[in-house]
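Here's the structure we're looking at; comments come further down.
Keep in mind that the numbers below use all heavy atoms, side chains included, and drop hydrogens, waters and symmetry copies. Just so it is clear, the model here is predicted, and its values are computed rather than measured.
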Amino acid sequence: MRHNAEHDTLTGLFNRTAVERLLPVILAQHDGCIIIVNIERFKHINEVLGFSTGDILLQQLAHRLAQLPQAPDLLARLGADEFLLAYQHRFTVTQLTALFAAALSGYNVDNSHINLKLCIGIYPFSRQQSSVNDALRRADIALENARQTPQRIAEYLPGQDELHQRELTLIRDIPYALESGQFFAVYQPKVDIHARSCKEAEALIRWQHPTLGFVAPDEFIRLAEHSGNIGLITNWMLQHVIVQLATWRAAGFTVTVAINLSVHDLLNPKLAEHILQLLHNYDVPHNAISLEVTESAIMQDTATIIAQLERLRKLGIRLAIDDFGTGQSSLAYLKQLPVHEVKIDRAFVKDIHHNNNDALIVKATTQLAHSLGLVVTAEGLENPTGLAELLQCQCNKVQGYFFSRPLEAEKFSAWIKQFPEQNQQWFAQKERQ
């Protein structure tokens, strides 16, 4: 009965129950390392080749792990496609790469030759310094980091546990933060550099956490996407911006505001209906908002996302490709996308005044976009010399600190009212260059 309780029925290896009993002894008596091995895209293997093939592969991998040139002191299947190896000594990443090389290729199932890709997380531990829970958590952190590296292998580093705890705190706090006023929106002007006017802005979300302070958007948006909370943020942003637009219009102030969408938003079949309802509820015209989506988001499910963009365009909502030039779809999909605008990423704009290659890329991209009937916005303008370059490249609009940082609603409306007086000064700086 004890054997059955502590062993995996498929592979015959120890299971998680056995790990919780046996691992404390290893942690207490030795310096060593814990290794977690995960089969990359194992779900895809099950879907394409069948679950019976997946089970055979798990059995074969378990056998190979047991036969490694340096046998582990503890070998277990933690569940699904995840295995644990514990050693009473340490390895370098290079040593482990060589150790696991034989476990990657040459699997034969029903006369089919299959090679596996493994992700490997390593936690080096010191004697009596870790509990089982801490050790497994840190090995999992290393495994998650390994998934982000080309080699698919990573070692836990001191401090990553604290980062992990911070990320868990942020994920936990997002829903309450949206309800309690910790989030707020700022607006960065989009200046038409040929008409020398400003009638548009991009809305950006910000988070002031009560204990962690300012949380960068790149951090919490990434965590929201990974945790499934991005829809909450998008819904908050859509409602907040549309309410603000209604408030401005009631005061006689009209402006078009762009809102960013993630791939998760675009895969929501009720997105267009939800936006339409919000616009109707607050009596805001459809052309008062525009929506921005990145190239990388489009690549996730091109057919579905193009269909979604078509629906939004038919509502009269303007659409833009954000961060253009940094993804993989640049030329292959541009002609298929039902968008009105291309936004050139700041990586090509911020140094355009002294980087000839950037200038050539911006000019060529602008000419291509114009030939397809698209408006071009350059992001990241920081100085008057750069403005002169963008004018020469025939860009239509510009965002960047040269004109203004993102501003809260009241300051933005005051800024835009002063723009006619200020723009002569800005463009005069450019003309003096």
Side-chain angles (χ1 to χ4, degrees), residues 1-30 32-91 95-125 130-140 142-144 146-147 152-153 156:
M1 289 177 63
R2 180 166 185 167
H3 181 277
N4 291 340
E6 292 192 341
H7 285 77
D8 174 52
T9 55
L10 178 66
T11 64
L13 302 180
F14 284 120
N15 59 19
R16 183 177 288 272
T17 300
V19 169
E20 292 176 355
R21 180 175 67 85
L22 299 172
L23 189 55
V25 178
I26 296 174
L27 294 172
Q29 295 180 355
H30 305 278
C33 66
I34 292 173
I35 301 163
I36 292 186
V37 176
N38 178 263
I39 303 174
E40 194 169 23
R41 301 187 68 196
F42 185 68
K43 180 180 178 183
H44 179 72
I45 292 174
N46 279 332
E47 290 172 350
V48 174
L49 302 179
F51 286 92
S52 60
T53 298
D55 287 347
I56 294 171
L57 283 172
L58 289 172
Q59 291 171 333
Q60 292 186 13
L61 176 58
H63 177 74
R64 292 197 187 187
L65 294 177
Q67 300 299 316
L68 288 173
Q70 297 190 53
D73 297 288
L74 174 62
L75 174 60
R77 182 188 178 204
L78 295 179
D81 58 334
E82 196 164 276
F83 296 84
L84 174 142
L85 299 84
Y87 285 92
Q88 297 180 14
H89 57 276
R90 297 181 179 180
F91 295 93
Q95 288 170 333
L96 278 179
T97 301
L99 183 64
F100 281 94
L104 298 177
S105 60
Y107 291 84
N108 197 302
V109 181
D110 294 333
N111 296 319
S112 294
H113 185 81
I114 299 171
N115 295 329
L116 296 181
K117 291 184 177 180
L118 302 180
C119 286
I120 301 171
I122 313 158
Y123 169 53
F125 61 85
S130 299
S131 66
V132 170
N133 184 62
D134 288 343
L136 293 179
R137 183 177 68 249
R138 290 166 183 170
D140 271 330
L143 181 65
E144 185 62 33
R147 292 190 177 104
R152 296 297 191 268
I153 183 168
Y156 172 85

Nearest non-hydrogen partners of Leu65 and Pro72, listed with the distance: O-CD, 3.9 Å

Beyond-backbone contact of Ile34 with Leu27, side-chain heavy atoms, under 4.5 angstrom: yes

Arg77 side chain vs Ala80 backbone, donor-acceptor pair below 3.5 Å: yes

Minimum heavy-atom distance Asp8-Thr11, with the two atoms named: OD2-OG1, 2.6 Å

Pairwise side-chain contact, Ile114 with Gln60, heavy-atom cut-off 4.5 Å (strictly under): no

Step-by-step salt bridge (charged side-chain N to carboxylate O under 4.0 Å, His left out) determination, Asp140 to Arg137: CA-CA 5 Å; Asp140 271 330; Arg137 183 177 68 249; over 6 Å; no

Side chain to side chain, Glu6 and Leu22, heavy atoms closer than 4.5 Å: no

Test log, rule side-chain contact (heavy atoms from CB on, under 4.5 Å), inputs Arg16 and Leu136: CA-CA 11 Å; Arg16 183 177 288 272; Leu136 293 179; 3.7 Å; yes

Minimum heavy-atom distance between Ile36 and Ala139, given as atom pair plus value: CD1-CB, 3.6 Å

Side chain Asn15, main chain Ala18, donor-acceptor under 3.5 Å: yes

Between CZ on residue Arg138 and CG on residue Asn133, distance to nearest 0.5 Å: 9.5 Å

Arg41, CZ atom: more than 12 neighbouring heavy atoms under 6.0 Å: no

Side chains of Gln95 and Gln70 in contact at under 4.5 Å (non-hydrogen atoms): no

Test side-chain contact (heavy atoms from CB on, under 4.5 Å) applied to Gln88 - qualifying residues, sequence neighbours left out: Ile26, His30, Asp73

More than 12 heavy atoms from other groups under 6.0 Å of NE2 on His63: no

Note, Phe83 side chain near Leu61 side chain (heavy atom, < 4.5 Å): yes

4.5 Å side-chain heavy-atom contact, Arg152 and Leu118: no

Shortest non-hydrogen separation from Leu13 to Ala62 and the atoms involved: CD1-CB, 3.6 Å

Stepwise side-chain contact (heavy atoms from CB on, under 4.5 Å) check, Ile45 with Asp81: CA-CA 11 Å; Ile45 292 174; Asp81 58 334; over 6 Å; no

CG-CZ distance between Leu85 and Phe91, expressed to the nearest 0.5 angstrom: 9.0 Å

Any residue meeting salt bridge (Lys or Arg N to Asp or Glu O under 4.0 Å) with Glu20, in chain and number order, not counting sequence neighbours: none

Ile35 side chain near Phe100 side chain, heavy-atom distance below 4.5 Å: yes

Sequence neighbours excluded, every pair satisfying ring pair (Phe, Tyr, Trp, His ring centres under 6.0 Å) that has a member inside residues 103-124: Tyr123-Tyr156

Beyond-backbone contact of Ile39 with Leu57, side-chain heavy atoms, under 4.5 angstrom: no

Considering all heavy atoms, the nearest His7-Gly12 contact: CD2-O, 3.3 Å

Gap between atom CZ of Arg2 and atom CG of Asn4 - 0.5 Å precision: 12.5 Å

From CG (Leu74) to CG (Leu23), nearest 0.5 Å: 6.5 Å

Which atom of Leu143 lies closest to which atom of Ile120, heavy atoms considered: CD1-N, 4.0 Å

Phe125 backbone acceptor or donor facing Arg90 side chain under 3.5 Å: yes

